[in-house]
Amino acid sequence: MLTGRHLIQPDDLSVSEIEEICSLAEQIIVDPKSFQDVCRGKILATLFFEPSTRTRLSFEAAMLRLGGSVEGFSDADNTSTVKGETLADTIRVVSSYADVIAMRTPKEGAALLASKYSACPIINAGDGGHYHPTQTLTDLVTIRQLLGGLENHTVGFCGDLKFGRTVHSLAEALRHFKGNKYIFISPKELSVPDYLITNVLEPAGVQYEIVESLDAVIDQLDVLYMTRVQKERFFNEQDYIRLKDSYILDSEKMKLARKNMIVLHPLPRVNEITPEVDNDPRAAYFKQVKYGMYARMALIAKITGAID
Amino acid sequence: MLTGRHLIQPDDLSVSEIEEICSLAEQIIVDPKSFQDVCRGKILATLFFEPSTRTRLSFEAAMLRLGGSVEGFSDADNTSTVKGETLADTIRVVSSYADVIAMRTPKEGAALLASKYSACPIINAGDGGHYHPTQTLTDLVTIRQLLGGLENHTVGFCGDLKFGRTVHSLAEALRHFKGNKYIFISPKELSVPDYLITNVLEPAGVQYEIVESLDAVIDQLDVLYMTRVQKERFFNEQDYIRLKDSYILDSEKMKLARKNMIVLHPLPRVNEITPEVDNDPRAAYFKQVKYGMYARMALIAKITGAID
Amino acid sequence: MLTGRHLIQPDDLSVSEIEEICSLAEQIIVDPKSFQDVCRGKILATLFFEPSTRTRLSFEAAMLRLGGSVEGFSDADNTSTVKGETLADTIRVVSSYADVIAMRTPKEGAALLASKYSACPIINAGDGGHYHPTQTLTDLVTIRQLLGGLENHTVGFCGDLKFGRTVHSLAEALRHFKGNKYIFISPKELSVPDYLITNVLEPAGVQYEIVESLDAVIDQLDVLYMTRVQKERFFNEQDYIRLKDSYILDSEKMKLARKNMIVLHPLPRVNEITPEVDNDPRAAYFKQVKYGMYARMALIAKITGAID
C-alpha cells in the first residue's frame, strides 16, 4: 500500500512495491488515455531549492498527464527561507496547499527532514549527493520495458562511479533481482566506493568486476550505464580535465557491443557520448527520459491514492 | 454582489460581504468536492513584483482547487517593466488574458493604480506597508471557524504593532463586529500607531488597552495574534537586536493562557514562537494557513462570478 | 494540414494556411466556450531562454483557454544548459514531455535548430532579430477582425524600421494579399532595409513609399503600425537619444488621420504613443493584445491536431 507514503531513498520501496510501480507504468505506457483524469482535483507542489529543469518538468508533466495541477518554485531565491523561515515551517505551509510535494535541495538529508513535518507525501527529487529515487525508478522502468524484465542482466556502469549517486542507487536496487552481474568501469580515481561493495553488494551475493577499460568488457554487457563526469564534484581543475574525457562512448566502441545492448544515461550529458551514437538503435537515453515521466506518473498515482 | 469587484484594502468589503465570504469559505471547508469545478475555464494571473512564495502558492492552490488555471511571474526580474513599460500597460495586457489578477508589489498604492486600468478584478496581495486584505480575510475565517463567530472576543496583538500591517487591518476589520476588545502588547518603540487609535478604534467605540507585558495579560485573551519583528522595518541594527526577542511565546507563557485561547501568526515566523509551542493544541497558525487557502477560494469564486 | 508542423518563420505558412488560422481565430472569438476543452490532456512547454512576460503569458493563456496545461521556464538561469547541455538535448528531453513547445531565445536560428531535434511541434516565440511569427499572426488577425479583411489597405509603418522584425514580417506577410500599399515612415538612420525592398516587395509588385514625415502621410492610412525605438539595438547612446522621440504619436497627429484608421503597436511601448491616444477609438493596440491570444489559440489548436 503506497498511498500516503514518502519516497526519500530507493530503499523505501520493497521489491514488490517496485514491481507494482513498474507494472502501473507499463499500463500507463500502453493506454495513457485511461489515466488522464485520475488525479483531477489534486495538486503537486514542486519545491526546487536548486534548479533542475529536466527533473522539474518531468514531475510536472507527470502530474499534468494524470489530470492534476502543479504549483511551486524553481529556485530558492524566491522563497520565504530568505526571511529566516525554517524548512519545517515551509513544508508545513506548502503541505497545507498540496496533495504531494516533489522537492529538490542541495542539502543531504533535507527531504527526510521535510517528511517529518509534512501533511502530505514528500518525494525526494534529489538531495545533494544522497538520493534521487525517481531516477532509479526511471532506470528500472526503462530496463524492464526494453529488456523484458529486471533479472539476469550484465550491467556495466561507466564513468564517475565515485560521486555518481544514480549509479549507487541503481546498483543497490538491482541487487534485489536475481542473476544480475555488475561491471564497474572507471579510472581508479573515480572508482565505486568501498561501502557499496562491502556493505551492499557482497552481503547480497552480487557478482561484480572492477575494470578500467570499457573496450575490454563492452561485448559482455546487456546494459551500459554511462555517467557524466561532473566538474562540481572535483577538488581541482586539473584532475577534472585529465579525467573527463577518459570514458567517451563513440561509434567505434559501439561496434564492439552486442546487438541488443542498451545504452542508458541519466542526462544531461556533456561529451561522454558522442552525437553519432544518438542514431544507433541501442542508444536508449532519450527513451529513458520518456520512461522517467511514466515512472513518475505511476509513483504519483500510487502515493496520492489515485490508483490503489 | 461581489462579481467583478476589486479588493484593494480590507475596507472595500462591507460587513455583510465579509460574512458572505466567510460563509462560503465554510461551505467549501465542509464540502470541497462540490466546488472543484466552479472556476473551470477561468484563469488567475499571479503578478508578483516581489517574491512572496507563501502568498503566491496560497492563491494558486485556491484557484486550482476551484478547477481554474494559473499563470504569472514570481519576481519582477522577468517582466516588461524592465523594458520601460508602465504598470498601467502591463495590467491592460495581462487583464486581456486573465479573469482575475492577484498582484504583489513593494510600492504602496500600486494595486489601486492597477485597478484603474484593469479589464478584470484585481486582488491586492500586498502593496508594501499598505494593505494585504486576503491576510485579513484569512484571519477572520480562522477566528470564525475556531471560535464560532467574530463577536465578543478579547484579542491580544503582540510584537511589532507599529509596522505590522496585518495587525492594523485585522484590528480595523474586527471593529465592525460587536463586543470585541483589544489588548496591544509591545515595547514602546513598536507601539500601535496613533492614527489607528484616534481615527479608527475610538470612533467605533472599541475598548482597548496598551501594555508592555505579555505575561500580565495573556490569561485574558481569546485570541493571541503574534507578529514577526521584521528586520527590514528598522532604521538600525542595534534597535532590531535589542527588541527582536522581547516578545517570544514559549511553553512557559502558554501555561498562563486559557485552555481555549488560539494563537495566530501571519507567518513566516522567525523565533517569536518557539517550536515547542507548535504541538500545543492552541497553536492555530498552521491551521490558519489552510484557512487562508479556503478564504482565497471563496473570494476568487465570488469576484469571478463563479458563485453568486 | 497544419497538424504536427513547426512554425519558425512567417513564410512557413501558405496564404491559405494563414486564412485557415485567421478563420479559426474568428470562430474562437465568436464562441470561446466551444473550444475550452479541445486541448484537454495536452501540454504546452514554454521554454523562454530570455524573459518575455507578455509573449509567454499570451501563449500560456492560449493553451489554458483551450483546456490544456502548461509547464516551462521563464529565463535561462534555471536550465540544464548551464551544465553544458546542448540545445539539441534540451529539446529532445522537453519534447518527450510536451505536445507542443513555444520557445524564445536571444540567438538567431535557435528555433530552426530546435525543430530538427524535437519530437513535437516547435513554435518560434522570437529568436533574436530574426522572426516572431505569432506576432505576425496577431497583426493579421487584428487587421482582419477590425477592417474586415487583409486586402486593399494602405499601411503606414512608423518608427524603427531598420531593426523592427515585426515590421519586416508583417510587410512580408501582407504582400501575399492583393491591393495593399505600404508607406515606410522613419528617420534615414532607421530606414527599412534594402533587402526587404529589393528581394521581397518589388518581386511581389507591392506599391510602397519611403518618407520621413508622419504628419505628411497619416491621412492616407488605413493602418498605422507604430514601433518602439529599442535602445538595445543602438550602437551608441547619443543616436538613441536623438532619434527615440522623433516619431511620437499624439492627439494632434491623430486629428489628421482618417476616422476609421487603426493604430497598432507590438508593445511594449515606451513613449512613442502618448497615453492620451489610448482613449481614441482608433487606438487598437490593446485589442491587438487580446487578438494575439486568440491567434495563438487557433495556431495551437491546429498544430496539436486538436482541430483539423
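In what follows, every chain begins at residue 1, and chains take the letters A, B, ... in the order their sequences are listed.
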Exercise. Considering non-hydrogen atoms only, spot the tightest contact between G41(C) and Q36(A) and give its length.
Key: CA-OE1, 4.1 Å
Practice problem: Could you tell me whether a side-chain N or O of R56(A) sits under 3.5 Å from a main-chain N or O of G72(C), the two making a donor and an acceptor? | Solution: yes
Quiz item: Does a sphere of radius 6.0 Å around NZ in K162(A) hold more than 12 heavy atoms from other residues, nucleotides or ligands, not counting ones at 6.0 Å or beyond?
Solution: no
Quiz item: Listed by residue number, which members of residues 282-292 of chain A have a heavy atom under 4.5 Å from any heavy atom of chain C?
Solution: F286(A), V289(A), K290(A)
Quiz item: Of the backbone (N, CA, C, O) and the side chain (C-beta and beyond), which part of L267(A) lies under 4.5 Å from a heavy atom of chain C, both, or neither?
Solution: side chain
Quiz item: At what distance, to the nearest 0.5 angstrom, does CG of L64(A) lie from CG of L44(C)?
Solution: 11.0 Å
Quiz prompt | R54(A)/D89(C) ion pair, N-O < 4.0 Å | solution = no
Quiz prompt | Side chain, backbone, both or neither of D37(A) within contact of chain C (heavy atoms, under 4.5 Å) | solution = neither
Quiz item: Heavy atoms, side chains only, cut-off 4.5 Å: are E85(C) and T53(A) in contact?
Solution: no
Quiz item: If you tally heavy-atom pairs under 4.5 Å against chain A, which of S69(C), A119(C), A45(C) wins?
Solution: S69(C)
Self-check item: Part of V94(C) within contact of chain A (heavy atom distance under 4.5 Å)
Solution: side chain
Quiz prompt | Over 12 foreign heavy atoms within 6.0 Å of CG, D308(C) | solution = no
Quiz item: Is chain A contacted by the side chain of A88(C), its backbone, both, or neither, given a heavy-atom distance below 4.5 Å?
Solution: neither
Practice problem: Give the intermediate values and the outcome of side chain to side chain contact (heavy atoms under 4.5 Å, CB included) for residues R92(C) and D278(A). | Solution: CA-CA 11 Å; R92(C) 277 189 275 221; D278(A) 298 352; 3.1 Å; yes
Exercise. With rounding to the nearest 0.5 Å, note down the distance linking CD1 in I43(C) to CD in E60(A).
Key: 9.5 Å
Self-check item: Interatomic distance, F73(C) atom CZ to D75(A) atom CG [nearest 0.5 angstrom]
Solution: 13.0 Å
Quiz item: CD/E71(C) to OG/S58(A) distance, rounded to the nearest 0.5 angstrom?
Solution: 8.5 Å
Practice problem: Would you mind checking which part of R296(A) comes under 4.5 Å of any heavy atom in chain C, side chain (CB onward), backbone (N, CA, C, O), both or neither? | Solution: neither
